[in-house]
Amino acid sequence: MANNKLIVGNWKMNPETLFDAKRIATKTRNIAKSLTNIHVVVCPPFVFASAAVNRNKMDNYHLGAQTVSINENGPYTGEISATMLKSLDVEYVIVGHSEERAAGDTDEIVSKRLARAVDAGLTAVVCVGERSRDEEGSHLEFLKSQIKSTLANISADKAKKIILAYEPVWAVGAKEAMLPEQIYEMSLFVKKVFSDVFGQEIGMKVKVLYGGSVNFRNAEEIIKVGKVDGLLVGRESVNIPGFSELLKAVDAIK
Ligand code: PGA
């Protein structure tokens with residue numbers, strides 16, 4: 001993937017019909033096909049995975065999922081396992097999204113999801129982020145502890161299957177993204193904590209994405225000034241005109 005930027009589209013619980021899921025996925029694939037400097041990952045709801053699959057085996061379009069079960073298989077009604085995802089040609093999975101954390105996922109649960117994902121050979125997009133910030137910097141302590149406990153079950157040889165998505169919770173689904181200068185500082189911080197866990201060599205290589213109110217207007221600056229390796233995009237990823245502009249803008253960054 002070299003230095004190509006990674007754009008992960010988290011569709012959340014959208015769209016409402018299979019028809020629309022096929023339409024959004026097809027358009028996203030077609031845009032990706034015309035671009036060379038980015039990789040796009042589309043994370044639809046499970047039921048629409050087949051609509052968004054990488055039909056033509058394109059190199060820069062990938063299928064992802066929004067979560068994965070902590071269990072391997074068996075009597076877990078409503079759950080989807082990492083092996084099932086693999087069998088649907090899913091390559092990436094988001095774990096620890098703030099909306100799942102708000103619904104009850106603790107760091108311990110997130111770390112179990114993460115372990116299942118990487119053990120099955122999926123690449124995990126691990127979301128981390130503080131709920132609020134203060135002058136004293138207690139959000140940094142919060143973030144450090146969240147990252148460390150989320151990575152607790154992971155051995156160093158699996159660390160290369162992890163991508164960090166820094167998403168300050170207050171910027172998710174909000175009006176404005178975090179300022180790009182702050183994104184830069186925070187991306188260095190999360191990388192440093194990752195290096196504390198796995199060592200410098202592995203830590204240097206981890207990709208850090210930013211997420212939270214990214215759109216076609218702010219994407220370029222977030223990448224350029226925030227110096228992140230890519231973006232985790234919610235609302236704009238199901239808005240095809242906006243997502244198309246966003247992908248083109250990031251692709252054009254030299
Ligand atoms: P948003 O969501 O882009 O709609 O703010 C981001 C996310 O939840 O990953």
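Just so you know, ligand 1 is whichever comes first in the structure, and atom 1 is the first atom listed for that ligand.
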For Gly212, the ligand 1 atoms with a heavy-atom partner under 4.0 Å come out as 5 (O)
Closer than 4.0 Å to some heavy atom of Arg235 - which atoms of ligand 1 meet that?
1 (P), 3 (O), 4 (O), 5 (O)
For the pair Asp20 and Arg23, find out whether any cationic side-chain nitrogen is under 4.0 Å from an anionic carboxylate oxygen.
yes
I'd like to check Arg101 versus Val169 (side-chain heavy atoms, cut-off strictly below 4.5 Å). Are they in contact?
no
Pick from Glu99, Glu167, Lys12: the one approaching atom 9 (O) of ligand 1 most closely through a non-hydrogen atom
Glu167
Starting from the C-alpha separation in whole Å, work towards a yes-or-no answer on salt bridge (charged side-chain N to carboxylate O under 4.0 Å, His left out) for Asp196 and Lys144.
CA-CA 10 Å; Asp196 289 348; Lys144 192 198 264 181; 5.6 Å; no
Worked verdict on Ser213 versus Glu176 for side chain to side chain contact (heavy atoms under 4.5 Å, CB included)
CA-CA 6 Å; Ser213 299; Glu176 306 270 354; 5.8 Å; no
N or O pair under 3.5 Å between Gly234 and ligand 1
yes
Looking only at heavy atoms of His97, does any of them come nearer than 4.0 Å to an atom of ligand 1?
yes
Looking at side-chain heavy atoms only, is the closest gap between Val126 and Ile147 below 4.5 Å?
no
Taking only non-hydrogen atoms of Gly173, do any sit less than 4.0 angstrom from ligand 1?
yes
In ligand 1, the atoms that come under 4.0 Å of a heavy atom of Leu232 are 9 (O)
Min side-chain heavy-atom separation Glu220-Ile253 under 4.5 Å:
yes
